[in-house]
Amino acid sequence: MAASNISHNTPAAGSITWTAFNIAYNGVGYPIPAGSTAGRFVWWEYRNGSPVVMTGDVLPDLGPDDTVLLLNKGGIGQLLPETTIVDGSLIVEESILASAIGAEQINGGHIEADSVQAKHLAAGSVTADALSVGTVSANLVANGSFEDFDENGSIIGWELSAMTNGVVQPVTGVASSGSVAIQFDATTTAANLRLRQESSKFIPVSSASGRRWYVSARMGAGTAITSGSYIRVNWYDGNRAYLSYSDVRSNGSLSTTFSVYEGQVTPPAAARFLGLEIMLVNPNAVTKMYVDEATVYEVLVAAHIGDGQISTPKLAAAAVTADKILISDWTNYWSNPDYEADTLNAQPRGIVSNTLCRVKDISTFNTGNGSAKALEVDARNGANNDVFDLNVFAVKPGDQFYVRFQGRHLNTTGTGPTGLGFRTYDAKKVGITWTRVADFGATKTTAWEEREGVYTVPDGTYFLQPWATFGNNAETTNKFYVDNVVIRRMAGGELIVDGAIDGMVITGATIRTAATGARIVLDETGLKGWDADNVNYLKADADGLSVTGTLTAHGTGYDYEAQTGFTPPPIPMEMVVGGAAGGVGLIQTEQWPPYPPADGSPLPGMAIKPTGVDMYAYAQIVSRDGLGMEIHSGIRQSKVDGVTQGSGDSTDVAYPNLFIVDPELTSSSRPFRAPKYYVNGMDLSLGEVQVWEASGSMPNAAVPVPRLGTLYWNVGMGTSSQLANPDNSAPGTLTIINDGVYDITFSYGQTGHVTAARNFIEIKLEGGDRLIGRASFNPYEDSVTCTVTGVKLTKNQRLIFEVFQDSGGAKSYFATVRMARVAAPSPSSAWEQGNKIVSGNLEVSGLLTVGGKTLQSKHAEYTTTNWAVAGNGASWDTGYVTLDAAKSVNPSFTEPGGLPGSVVFKEDGFYSISVFIVPRGNPGVGWSRLNHSDGTNLVQMANDSHMWETFLSIPSVFMAKDTWVRTQMSYALDHSIDVRWRIHKLPY
């Protein structure tokens, strides 16, 4: 070796610089060019007589022809052949023999974690009782669940490698673990969206024989796709320079549920780092792809366990039941199997440079294979056209490889054979021969066909390089097309006879029935189950038991008809079990004595009560017959939060107090109010209904318009809820008890029909007698109904119900008023007993979605004031609208339209719409209507000179996003109008 001048800490601190020098090997001199590095090592690789100088922080497994030249110790350089003291970093395997180490000189403290490999252990030195097989390693992907962000909001450890026709961004609400997933939002089918690991987070790997890595990610799509998703492993050398890639998932499909996609990869010979890349490229449909839980683990392989170290005596009798155990390597050794992500008419990635091949657009071929791109290999006259993969990987004699591809030709001309196989090398990577494994021979086909074959590595072969060939075709017009290549290592299963694996303990294992789809998985965290749609229906872990569906508990079949007097006897109960910690403690068949305990008889039923306590002392729920439900507060009244039961001294209560639900809710003492559910401050306990009735005599054509008589509550026609109170001092009125949004129906009938034109009933709000609803009698009818929906009312507001009838005399009448509260505000801290939000209630600060629909109170009111309208029978709109924010709740689902008299809907949904049009003066004869943006009329009403106001109402109509409704009218006379809109989004 010629001397070299080494400069320390140049050109920067921590770096070294050297001048050019020469080395000699096998009698041949080789120049070493001048250079510099911040890496720890500088080494020389022989590479079959074409040597290269490499640098890096990780010293690879060097062959017998390779050598280390320089060592950089923090900026201090050493030319190794000239050193007299060997740095510990330079002690390579098998260089210090056992005879040179004193007895008992090395103990566990001298051995670093993961430094002892199978090849370092003598045969028979490790027996089964010394083995503990557990988790191989932690996830090697930094921030694989995408939960960590820097101060700029960027995902730590990841970077965008492409973002065309879409965006890649973190989102919440769809993650399969944690709170964040990554969304690949494709805006066209030409999307090219790629997210990869930063170079600083690359994962160190080794190409030593037998070592491989497991790769997976959990993925799903908003709209299902049949192609476009990729999980790619990029390989890099010791300087983190790109070499090639292996696809774990290539141009794959995705469903609308999260699934785990996984595989194993083996590094090529020169690889020292692995970098993960997730891609959405040319999906067949516009979609949003979601990715979570990206993982990489090194695989525990058989080579890590010495031959014969787990023997038959270590396995219990009948220990193994599987007919066959198959160990497979799912790495695809052809670096670029489908070319879909490559540039058309350019050389494909992953091959040794060859100008006689390219990526071809095959989408216009008469007979396609479903792909858009393929490898095109030119025919040659007088020579072969060989295409070599960059991947050269280690093998051993006897290994088997499966080769499959799809292929075709441009025409049938020529005699050259075509196919795929391997270039083979010996242990020093000296070439041996070429072998086609899956091929067409000399036959040419112009339709896509699949070819496959199996190759067994012969003696003397230790490296393989995948290879495609178009042999000498004696002409140059033909082309050979290659697509969807699969080259995988095979390992034959060994039949295990005489029984099952029956060990008492399996440590650190994951037992599962399948990798994806319907499966059961048992691991150290618990037991989980998924159905065929990947819905997690079963979970049993430290947090408890969660079952989606019904958990059924049946009694033991006592003949208790005579015991209880129930006829026919009750049927068995089914109950769904749930609740947070501290909720349901026990569900069991219970002895329930309806009398003091000493006189009781055992009755089979279901009881829910705290575990291990006196059943008389604590709150519990019991069903004795499977039909009614009894809720017991117990003699300790403090155990029923927010409800006081019984009277007097609670210690004197001899029997449990009862709430009986069968089907109504009553109490042995004071009224009890059932818990309610609140979303965004609105009560979702729908179905609260109250009905009132009034009767008497209605005067003829009275002015001012008379009211109904006193209203009386008809308890049997509604629920037990009280929504409003009548006032005997003010007949025909109701006073609202609680704030809320209400639907109101006023029905009126009398003993004789009306005769004049102007006869009507009205619903008003006291205070200026604001009109909120009116309905007119048709001529010669004796009854009419007025309905208004989505009216926002506040506590203590008073409703007025009036009738104007002109029938030639006073008439006897009967009227009903029906009110239903459809939403109400959430309770204050001083809410009524039983309605406090404690246990048993659902409080949602955001949006609650049920069956894909959002349950949220949405109500908007708009007004138009003093809009001038010309007469003469022309059609006019009722004027631009203005939002009345004080009477609206979450009104962003609508907005004023661009046309006069129009409102635009910004969300799909069902809506109730009411519009009240009030002319300021007599408009004459005409009509008013609600017109849809598709040109249809939703509702229309005629007017005459006696009926000026118009009330247009639609109880339920579906409106698509960005459609609109507008009001139109036609009157005989010039006039001005006021308009009020009420729009309520229905919760379904």
Side-chain angles (χ1 to χ4, degrees), residues 133-136 138-139 144-145 147 172-181 214-222 224 229 231 248-249 252-264 289-295 297 320-326 328 330 500-554 572-581 583-588 606 608 849-852:
V133 181
T135 301
V136 175
N139 184 8
S145 291
E147 299 294 324
T172 58
V174 295
S176 61
S177 70
S179 61
V180 178
Y214 167 86
V215 180
S216 74
R218 193 176 292 274
M219 305 168 70
S229 67
I231 302 175
V248 173
R249 182 165 183 78
S253 61
L254 291 176
S255 69
T256 55
T257 57
F258 269 115
S259 296
V260 174
Y261 298 96
E262 59 188 352
Q264 296 182 18
M289 181 176 81
Y290 298 94
V291 179
D292 202 1
E293 298 181 76
T295 66
Y297 297 91
V320 179
T321 57
D323 294 329
K324 185 178 290 186
I325 296 177
L326 182 64
S328 297
W330 293 100
I501 297 177
D502 192 34
M504 295 300 293
V505 177
I506 301 176
T507 303
T510 295
I511 302 173
R512 66 185 183 190
T513 57
T516 60
R519 64 197 185 278
I520 296 290
V521 176
L522 175 64
D523 59 21
E524 70 276 4
T525 66
L527 178 67
K528 302 179 183 67
W530 288 266
D531 63 16
D533 295 324
N534 211 42
V535 175
N536 184 194
Y537 66 84
L538 171 64
K539 179 183 176 185
D541 55 22
D543 294 330
L545 173 64
S546 173
V547 179
T548 300
T550 300
L551 182 63
T552 304
H554 293 283
M573 292 175 56
E574 291 189 352
M575 300 188 69
V576 178
V577 181
V584 174
L586 176 67
I587 296 186
Q588 64 179 34
M606 294 301 296
I608 305 175
T849 301
V850 177

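Counting from 1, the numbers follow the sequence of the chain as shown. Since this is a predicted model, take the numbers as computed values, not measurements.
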Is it true that a side-chain atom of [X] and a backbone atom of [Y] form a donor plus acceptor pair closer than 3.5 Å?
X      : Y      : value
Thr172 : Ser179 : no
Asp543 : Leu545 : no
Asp523 : Ile511 : no
Ser145 : Glu147 : no
Asp541 : Lys528 : no

Atom [atom1] of [X] and atom [atom2] of [Y]: how far apart are they, to the nearest 0.5 Å?
X      : Y      : atom1 : atom2 : value
Leu527 : Ile520 : CG    : CD1   : 6.0 Å
Tyr261 : Met219 : OH    : CE    : 7.5 Å
Asp531 : Arg519 : CG    : CZ    : 9.5 Å

Do you know which two heavy atoms are closest between [X] and [Y], and how far apart they sit?
X      : Y      : answer
Ala514 : Ala518 : CB-O, 3.9 Å
Val174 : Ala181 : CG2-CB, 4.2 Å
Ala224 : Thr256 : N-CG2, 3.8 Å
Val248 : Gly263 : CG1-N, 3.4 Å

Q: Determine whether the side chains of Thr295 and Ser216 contain a donor N or O and an acceptor N or O closer than 3.5 Å.
A: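 Note: Thr295 and Ser216 side chains meet the donor-acceptor criterion.
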
Q. Are the side chains of Val521 and Trp530 in touch, meaning some heavy atoms are under 4.5 Å apart?
A. yes

Q.
Counting C-beta onward and ignoring hydrogens, is there a side-chain heavy-atom pair between Tyr297 and Asn139 closer than 4.5 Å?
A. yes

